[in-house]
There are 2 protein chains.
Amino acid sequence: MALDDLPVPVFPKPVTLRDVAAQAGVSVATASKALNDQGRMTAETRERIRETARSLGFRPNGLAQSLLRRRSFTVGLLTNDTYGRFSLPLMSGISDALVDAGVSVFLCNVEEDQRLGQLHVEAMLDKRVDGIIATGKRIDRHLPVDLANLRVPVIYAFTQPDPDAVAFVSDDGDGARLAIEHFCRLGRKRIAHVSGPASFAVVHERAQAYRAVLTENGLPVIEPLLGSWSEAWGHEAVARLFDGRGKKPDAVFCGNDQIARGVIDALRERGLGVPNDVGVIGFDNWEIVAEATRPPLTSVDMNLAALGREAGLTLLSLVGGKSATPGIRKLPCRLVVRQSCGRLPDG
Amino acid sequence: MALDDLPVPVFPKPVTLRDVAAQAGVSVATASKALNDQGRMTAETRERIRETARSLGFRPNGLAQSLLRRRSFTVGLLTNDTYGRFSLPLMSGISDALVDAGVSVFLCNVEEDQRLGQLHVEAMLDKRVDGIIATGKRIDRHLPVDLANLRVPVIYAFTQPDPDAVAFVSDDGDGARLAIEHFCRLGRKRIAHVSGPASFAVVHERAQAYRAVLTENGLPVIEPLLGSWSEAWGHEAVARLFDGRGKKPDAVFCGNDQIARGVIDALRERGLGVPNDVGVIGFDNWEIVAEATRPPLTSVDMNLAALGREAGLTLLSLVGGKSATPGIRKLPCRLVVRQSCGRLPDG
DNA sequence: ATGAAAGCGCTAACAT
DNA sequence: ATGTTAGCGCTTTCAT
């Protein structure tokens, strides 16, 4: 038995329009028209050409078409959030919007590497992408690439945009507002806020909305507790909130779902019931966490997929030659109600 | 002030080789050679042409190059795991391997939609990708697309391959073995196994390795407990393991990190200490979970990024005309030791 | 040492 | 109703 006898796969040479034309006994031009529903010819010829194309398994070479049309039906997607959970729904929304237009997506992960980023952008440009979408994991940090004055339209989604660019971000103030108003409707009176590090812009945005809604409702504002985005911090925050003397909170609005989980666990350890004694709301609506807490966690969802869709559609219209108003557009959040807040009094 | 006065962005017409040639006073052919280090010409001319190219900001049109070279320096990445945590490390590894070769990645999410899948594959083929990588979220399910007899090489990574295709998957038996052997080295005597649903192939593969290693070490085999991949199941499994009469386990090997978390929490609630009374090992090494358990969880890592790299490199060599041995290649796992198993007796 | 010409696979004016 | 011609932007013989 022969060694070194691996079946070297030989790939069939692609069928070209020329092949189809020859086979059908017409010129390339006629074949092209037949397949693109252009020009005039007898229905019979058209059908015959179509049939030969089909039988030969002809597929037009997209490179040739793009070269001619000056449009590759391809957009570049830049991200620095390979492992995060934000980019995925975002991307899914983007692809979604683009697929319907027959546009494919080049995925490029740039990490924090300036050089790599620039390299990727050039590669995209060289491949003649129709446009570029930049996404990230936080809206107050810029990707490590310069996207100003490119030869193609650029859209920012969930990342810090260049000035005068078109950008979409979640409205974190709106998200916080939804949460606090939900608590108010449920009759909670002492609502605390446990959030992430002060270095995040959203932390302040949410805290501000938290204060505003409480004031509007004549409820006391408890100074927000800022820490890290971890369960451990949620734990610790509960100690700080409940150890002191004075009135205890009957609701906690958390900066993310992991903090919320820490809070819920800590409350249980203290013999405090959720939602009966204390209501809890999280942020991000990370299902894997929100559904594992006991009870399941009510949480603010940033609608990232919708945000991605919006970004994709806007890019498409830009590519189509329309113009879009520059500036940052904030998209509303949505409260996903589970069981960590209890029911309406009259519910 | 005028309304409707949005600055319609006008994009500069790309500079072509023809422009460069004209500007430098040479023919396109010469310009091409100068920029590609081909042909012969005075160093002076070459440099002059280069300089004009640079000053004009010339970038070759990749579409034209690809059309000629019959190679797009682009590969398609098919996945049905948009939201999962498996595809991301995988993708990152793949891009990693490809970027160095100047190859970009088309990301396509096909969900479970057969029609959408076929559509995407055709789109990729039309765009003349050099090859395709199929990835998924479990290795015993096929993507909803037919990738046999394509015009380009195909590699499978972490998804069920076609027969005779080249595929890379994690070696789950190896992963289980690493876990159980670790327990044995630490002197654990009654090691239980709590895993996911019987409908997953990996569940059996791991259970088999579990049995084998215990037998090799002369330790009793406790019939594996199969359930779901959730924390709640981890909880319940602990009840089943510890409620009965008879000897209690001193170690639990879990099918994923969420189960492990449920197990650890349930043990604590029973007053059982981890790792002192019971050691726990998880699977997947999902950092966000493994680092949030108390104590932090020792877990089996499937080395997905490495697996992706391997897949990427192999595709590249296939594209380069080399041949690869068909079949499923299993890549080893790695045990990430944290604090849920305790130390070596003499450590 | 440089350039003219052909051609990658396709589309679109402009003939006939 | 169909074919001829001229490109898209580039590379590559082959002349000069």
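Since the model is a prediction, treat every value here as computed from it, not as a measurement.
- OP1 or OP2 of C:dG9 sits under 4.0 Å from a side-chain N or O of B:R70.
- Between the CZ atom of A:R18 and the P atom of C:dA6 there is a distance of 14 Å, given to the nearest Å.
- In this view, A:F168 satisfies the ring pair (Phe, Tyr, Trp, His ring centres under 6.0 Å) rule with no residue, not counting sequence neighbours.
- Sorted by first and then second residue, the pairs that involve residues 23-44 of chain A and meet salt bridge (charged side-chain N to carboxylate O under 4.0 Å, His left out), not counting sequence neighbours, are A:D37-A:R46, A:D37-A:R50, A:E44-A:R48.
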Solution key, residues 91-101 of chain B side-chain donor-acceptor pairs under 3.5 Å, sequence neighbours excluded:
residue: B:S92; atom: OG; partner: A:Y83; partner atom: OH; Å: 3.3
residue: B:S95; atom: OG; partner: B:M91; partner atom: O; Å: 2.9
residue: B:D96; atom: OD2; partner: B:R309; partner atom: NH1; Å: 3.0

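- Residues passing the ring pair (Phe, Tyr, Trp, His ring centres under 6.0 Å) test with B:F58: none are found, sequence neighbours excluded.
- Pairs of residues two or more places apart, or lying in two chains, that qualify as side chain to side chain donor-acceptor pair (under 3.5 Å) and include a residue from residues 146-157 of chain B are B:Y156-B:D162.
- Every residue was checked against the salt bridge (charged side-chain N to carboxylate O under 4.0 Å, His left out) condition with A:R141, not counting sequence neighbours, and none meets it.
- Distance CG (A:L67) to P (C:dC8): 14 Å, rounded to an integer number of Å.
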### Query
How does protein reach along nucleotides 11-16 of chain D, written 5' to 3' as B (base within reach of a heavy atom under 4.0 Å), S (only sugar-phosphate), or - (no contact)?
BBB---

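- For B:F73, the ring pair (Phe, Tyr, Trp, His ring centres under 6.0 Å) criterion is met by no residue, not counting sequence neighbours.
- Proximity of residues 39-50 of chain B to DNA chain C (heavy atom under 4.0 angstrom from any strand atom) is restricted to B:R40, B:M41, B:T42, B:T45.
- As rounded to whole Å, 10 Å separates atom C1' of C:dG9 from atom CG of A:D19.
- For residues 63-72 of chain B, the pairs satisfying salt bridge (charged side-chain N to carboxylate O under 4.0 Å, His left out) are B:R71-B:D130, with sequence neighbours left out.
- Between its opening and closing five pairs, the helix from C:dA1-D:dT16 to C:dT16-D:dA1 changes axis direction by 50°, a value rounded to 10 degrees.
- In this structure, the CG atom of A:L63 is 15 Å from the C1' atom of C:dT11, given to the nearest Å.
- The nearest whole Å value for the distance from the CG atom in A:N61 to the C1' atom in C:dC8 is 8 Å.
- A:N61 is linked by a side-chain hydrogen bond (donor to acceptor under 3.5 Å, both in side chains) to nothing, counting only residues two or more places apart in sequence or in another chain.
- Nucleotide C:dC10 holds its C1' atom 15 Å from the CZ atom of A:R59, rounded to whole Å.
- Here the side chains of B:S66 and B:R128 are not in contact, with every heavy-atom distance at 4.5 Å or above.
- No side-chain heavy atom of A:F106 sits less than 4.5 Å from a side-chain heavy atom of A:L77.
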